[in-house]
**Q** 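A single structure is presented below for examination.
Order of the sequence lines sets the chain letters (A, B, ...), proteins ahead of strands, with each chain counted from 1. What you are looking at is a predicted structure, and each value in this text was computed from that prediction instead of being measured.
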Amino acid sequence: MRWTKTYIPTLREDPADAVIDSHKLLLRAGLVRQLTAGVYNYLPLMQKVLLKITQIVREEMDASGAIEVTMPVLHPAEIWQKSGRWEVLGKEQMRMKDRHLRDLVLGATHEEVITSMVRGELKSYRQVPLNMYQIQVKFRDEPRPRFGLMRGREFIMKDAYTFDVDEAGLKVAYDKMADAYFKIFNRCGFQIKMVESDVGAMGGTGAHEFMVLVDTAGGEEVILACERCEYAANIERATSLVMSDESSREAKKEKALVYTPNMKTVEEVTGFLKVGPEKLVKTLLYQADGETVAAMIRGDRDINEVKLKNHLRCLELEMSPPDIVMKVTGALVGYAGPIGLSGVRIVADPEIKTMVNFVVGANKDDSHIINTNLEDFKIDEVCEIRKAEAGEICPRCNQGRLKAYSGIEVGNIFMLGTKYSDALDAKFVDAEGNERPFVMGSYGIGITRTAQAAIEAFHDEKGIIWPKTIAPYDFHIIPINIEDEQQKKVSFDLYEQLQNLGFDVLIDDRDERPGVKFNDADLIGIPIRISVGERGLKEGAVEIVIRRTMEVEKAPVEKAASRAAEIWEIL
RNA sequence: CGGGGUGUGGCGCAGCCUGGCAGCGCACUUGCUUUGGGAGCAAGGAGUCGGAGGUUCAAAUCCUCUCACCCCGACCA
């Protein structure tokens with residue numbers, strides 16, 4: 001492709017609206033332009049990248065035995081109401097009404113659609129296992145779109161769905177998809193990490209995310225991974241070993257009410273009482289679908305609301321407002337405690353069970369109780385609700401410490417079970433003649449997000465460094481001075497030769513100054529650049545430059561194409 | 001949804017406080033020169049100052065309302 005015949009609007013300056021490197025580069029390299037919040041045009045270079053990524057995805061999905069289909073973007077509300085996700089997704093879902101005022105949905109995922117699609121027609125155990133996928137635009141009405149394609153309201157995804165007769169079949173399908181995902185992301189050039197994750201609104205029995213690890217600020221999720229074994233989990237899901245601390249060997253003391261005027265935070269109370277925050281137990285009040293629940297957690301820990309929400313099996317979970325706190329505890333916010341708290345479910349983190357002589361709120365203004373022990377109150381349920389932290393001990397090998405990484409989620413896989421086949425009535429007849437719901441799985445890859453993740457993972461201060469498998473072009477030829485007939489001829493000869501060898505080639509035929517072309521080349525990040533200029537031609541040579549390392553090799557004009565192809569092979 | 005910020009030519013910004021000719025850099029067009037890391041000179045085109053209402057002799061500037069976008073938080077299949 002000739003630069004002058006395509007559209008690559010590069011920017012010299014950083015766009016004002018971009019914060020993270022990959023977002024700035026998406027805009028500066030002329031890959032995308034925003035239409036409205038969270039919605040982007042994909043310009044010619046980006047289109048090439050997306051096609052290369054989707055091609056890899058297609059090849060590996062097909063190789064795994066999955067069958068490609070295309071499902072509608074526009075869905076009737078009815079199927080979402082049937083599965084119960086109309087309420088679960090709520091405002092996350094892009095919704096509209098048609099002229100008849102019927103509710104419609106712009107799909108964020110397609111479990112409901114595919115389940116309706118096969119219902120009544122896929123009906124024998126002989127027809128499965130079946131895996132169908134599509135590459136399709138998706139919508140999510142993000143409360144706050146940001147970071148370019150990382151958190152958009154419209155994006156492209158590959159989503160696949162499997163149908164099996166039982167859990168064992170699902171496990172096979174699930175592992176097969178995980179395997180395909182490793183192949184896909186490795187081909188895209190990533191070091192990928194598969195981590196355990198929460199199932200969220202998807203529902204089901206288990207899930208994993210595929211994360212690209214980045215050391216920049218561009219990561220959007222924190223993951224914890226054991227430094228000794230293979231354990232790795234999203235922060236929402238990560239657990240750690242409960243360590244009984246030193247104080248648990250103390251002799252139990254008599255509890256006592258203490259006056260703590262205006263001391264509401266953990267810091268204030270422990271500072272005032274001259275004890276560490278690990279000697280205090282926070283009692284946090286939540287409204288779980290209207291019911292008030294108390295969550296107890298050690299003072300120096302953070303609560304993991306996802307874990308609490310999962311334990312309570314509620315749709316909405318939020319901190320109780322002050323008036324409810326007052327009603328339940330009889331005190332202002334900041335003095336809630338488990339002793340004498342009635343009519344409220346008390347959920348405690350297991351770590352609490354290891355503690356002695358701790359501080360709790362007294363359910364009375366300006367008062368706490370010291371030397372509290374487990375016998376002093378009743379715990380209704382014990383459930384891990386604390387956020388695991390870096391440095392804690394791995395729950396799997398019980399030895400290694402957990403380390404935190406910043407990651408970008410580019411893929412996820414879910415074991416759905418029969419949630420959707422039950423709700424939408426997709427059943428088959430087994431060998432014994434019994435009617436049973438399909439056991440399903442669902443598997444996503446964010447195509448547009450993967451492109452941005454590549455930029456985040458592979459760039460330097462001058463621009464993008466595309467992995468060769470997903471680069472918009474393989475070679476970038478720069479005639480230093482396009483007005484010079486010899487340079488022009490050599491450049492275009494090379495352009496044709498490389499194309500004849502099957503490569504995707506971009507030639508910068510603009511009448512621009514060399515500096516402009518070099519800077520744009522560095523910015524858009526084609527893996528190999530070939531400079532054709534007076535300096536080299538004097539010796540009958542052109543320069544082959546590797547973008548990643550900026551290594552330069554001179555090659556004779558007549559051997560340039562074959563030499564460039566060799567370098568490509570080993571890149 | 002709470003808090004903060006920004007809307008001025010395609011992009012990046014100044015001007016606003018203290019009302020008085022709408023500016024700068026880059027980009028764009030034309031000409032000449034220049035051509036190995038973002039050229040020089042000259043000439044030129046391009047802006048309802050996000051929108052509506054108000055105050056005033058006069059509003060980019062002050063007031064009210066509103067819309068959009070960005071950031072922090074909440075949220076996040």
**Q** How would you list, by chain and number, every residue that makes a ring pair (Phe, Tyr, Trp, His ring centres under 6.0 Å) with A:Tyr443, sequence neighbours excluded?
**A**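 Result, ring pair (Phe, Tyr, Trp, His ring centres under 6.0 Å) vs A:Tyr443: none returned.
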**Q** Rounded to whole Å, how long is the line connecting atom CZ of A:Phe210 with atom P of B:A77?
**A**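 In whole Å, B:A77 P and A:Phe210 CZ are 18 Å from each other.
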**Q** Taking the same atom, C1', in B:A58 and in B:U18, what whole-Å distance lies between them?
**A**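 About 16 Å, rounded to a whole number of Å.
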**Q** Both distances below 3.5 Å, Watson-Crick or wobble geometry, any strand: find the nucleotide opposite B:C41.
**A**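 In the structure as shown, B:C41 has B:G31 as its Watson-Crick or wobble partner.
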**Q** With rounding to the nearest 0.5 angstrom, report the CD to NZ distance, A:Glu68 to A:Lys158.
**A**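 The distance works out to 10.5 Å.
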**Q** Could you verify whether a donor N or O on one side chain and an acceptor N or O on the other, from A:Tyr181 and A:His208, lie under 3.5 Å apart?
**A**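 Note: A:Tyr181 and A:His208 side chains miss the donor-acceptor criterion.
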**Q** Return the nucleotide paired to B:C69: Watson-Crick means purine N1 to pyrimidine N3 with N6-O4 or O6-N4, wobble means G-U with N1-O2 and O6-N3, both under 3.5 Å.
**A**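 The base-pairing partner of B:C69, which may sit in any strand shown, is B:G5.
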**Q** Measuring only the C1' atom in each nucleotide, how far is B:C71 from B:U29? A whole number of Å is fine.
**A**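 Taking atom C1' in both B:C71 and B:U29, they lie 38 Å apart.
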**Q** If we call it a pair only when both distances are under 3.5 Å in a Watson-Crick or G-U wobble match, what pairs with B:G36?
**A**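 The base-pairing partner of B:G36, which may sit in any strand shown, does not exist here.
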**Q** A:Met94 has an atom CE; how far is it from atom P of B:C75, in whole Å?
**A**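 So the CE-P distance, A:Met94 to B:C75, works out to 20 Å.
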**Q** For B:U64 versus B:C69, give the span between their P atoms, rounded off to a whole number of Å.
**A**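 Pairwise P distance, B:U64 against B:C69, rounds to 24 Å.
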**Q** With respect to A:His75, which candidate in A:Glu112, A:Gln93, A:His110 satisfies the side chain to side chain donor-acceptor pair (under 3.5 Å) definition?
**A**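 In the set A:Glu112, A:Gln93, A:His110, the residue that makes a side chain to side chain donor-acceptor pair (under 3.5 Å) with A:His75 is A:His110.
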**Q** If I pick the P atom on B:C26 and the same atom on B:A22, what distance separates them, to the nearest angstrom?
**A**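 These two P atoms come out 24 Å apart once rounded.
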**Q** Write down the distance between CD (A:Glu111) and C1' (B:A77), rounded to a whole number of angstrom.
**A**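 It is 8 Å, rounded to the nearest whole Å.
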**Q** Measure the distance from CD1 on A:Ile156 to P on B:A77 and round it to the nearest whole Å.
**A**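 That distance rounds to 21 Å.
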**Q** What I want to check is whether the side chains of A:Asn131 and A:Thr162 have a donor and an acceptor closer together than 3.5 Å.
**A**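 Side-chain D/A pair, A:Asn131 to A:Thr162: absent.
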**Q** Can you tell me how far the OG1 atom of A:Thr10 sits from the CZ atom of A:Arg28, to the nearest 0.5 Å?
**A**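 Interatomic distance, A:Thr10 OG1 to A:Arg28 CZ, rounded to 0.5 Å: 8.0 Å.
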**Q** Going by side chain to side chain contact (heavy atoms under 4.5 Å, CB included), name the residues that satisfy it together with A:Ala29, two or more places apart in sequence or in a different chain.
**A**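 By the side chain to side chain contact (heavy atoms under 4.5 Å, CB included) rule, A:Ala29 matches A:Leu31, A:Ile464, A:Leu523, A:Ile524.
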**Q** Report the residue (A:Pro15 or A:Phe155) whose heavy-atom-nearest nucleotide on RNA chain B is the more 5′ of the two.
**A**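 Its nearest nucleotide being more 5', the pick is A:Pro15.
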**Q** Between P on B:G2 and CD on A:Glu318, what's the gap in Å once rounded to a whole number?
**A**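 One finds 14 Å between P of B:G2 and CD of A:Glu318, rounded.
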**Q** Enumerate donor-acceptor pairs with a distance under 3.5 Å from any side-chain N or O in residues 535-546 of chain A to protein atoms, sequence neighbours excluded.
**A**
none

**Q** How would you summarise protein contacts on nucleotides 28-38 of chain B per nucleotide, using B for base, S for sugar-phosphate only and - for none, with heavy-atom distances below 4.0 Å?
**A** ------BBBBB
**Q** So what does A:Glu305 touch, heavy atoms closer than 4.0 Å: a base, only the sugar-phosphate, or nothing?
**A**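 The answer is sugar-phosphate, as A:Glu305 gets under 4.0 Å only of primed atoms, P, OP1 or OP2.
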**Q** Can you tell me how far P in B:C62 sits from the matching atom in B:C16, rounded to whole Å?
**A**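 Nearest-Å result for B:C62 against B:C16 at atom P: 9 Å.
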**Q** For B:C62, give the paired nucleotide (Watson-Crick: N1-N3 plus N6-O4 or O6-N4; G-U: N1-O2 and O6-N3; both under 3.5 Å), or none.
**A**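 Base partner found: B:G54.
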**Q** Who does B:G47 pair with, Watson-Crick or G-U, both distances under 3.5 Å?
**A**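 None - no nucleotide pairs with B:G47, as no candidate has both distances under 3.5 Å.
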**Q** To the nearest 0.5 Å, what is the distance between OG (A:Ser197) and CZ (A:Phe414)?
**A**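 Answer for the OG-CZ pair, A:Ser197 versus A:Phe414, is 5.5 Å.
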**Q** I need the CE-C1' distance between A:Met319 and B:C1, as an integer number of Å.
**A**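 It works out to 17 Å between those atoms.
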**Q** If we take the C1' atom in both B:A59 and B:G5, what is their distance in whole Å?
**A**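 Per the computed distance, 23 Å lies between those C1' atoms.
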**Q** Quick one: list whatever passes side chain to side chain contact (heavy atoms under 4.5 Å, CB included) with A:Thr36, sequence neighbours left out.
**A**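 Per chain and number, A:Thr36 pairs via side chain to side chain contact (heavy atoms under 4.5 Å, CB included) with A:Val39, A:Arg153.
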**Q** Considering only atom C1', compute the distance from B:G47 to B:G9 and round it to an integer number of Å.
**A**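 Those two atoms are separated by 4 Å.
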**Q** For A:Lys24, answer base if it contacts any base atom (sugar-phosphate contacts may also be present), sugar-phosphate if it contacts only those atoms, and nothing otherwise; contact means non-hydrogen atoms under 4.0 Å.
**A**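 Touches nothing.
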**Q** Can you tell me the distance, in whole Å, between the CG atom of A:Asp302 and the P atom of B:A74?
**A**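 In whole Å, B:A74 P and A:Asp302 CG are 11 Å from each other.
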**Q** Shorter than 3.5 Å, N or O on both sides, protein versus nucleotides 68-70 of chain B: list them out with atom names.
**A**
from, atom 1, to, atom 2, distance (Å)
B:C69, OP1, A:Thr36, OG1, 2.6
B:C69, OP1, A:Ala37, N, 3.2
B:C69, O3', A:Gln34, NE2, 3.3
B:C69, O2', A:Asp17, OD2, 3.2
B:C70, OP1, A:Gln34, OE1, 3.4

**Q** What's the gap between B:G2 and B:G54 when it is taken at their C1' atoms, as a whole Å value?
**A**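 Looking at atom C1' only, B:G2 and B:G54 are 30 Å apart.
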**Q** Roughly how many Å is it from CG in A:Leu43 to C1' in B:C11, rounded to a whole number?
**A**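 It works out to 15 Å between those atoms.
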**Q** Tell me whether A:Glu78 at atom CD has more than 12 heavy atoms from other residues, nucleotides or ligands lying less than 6.0 Å away.
**A**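 It does not: A:Glu78 CD has 12 such atoms or fewer within range.
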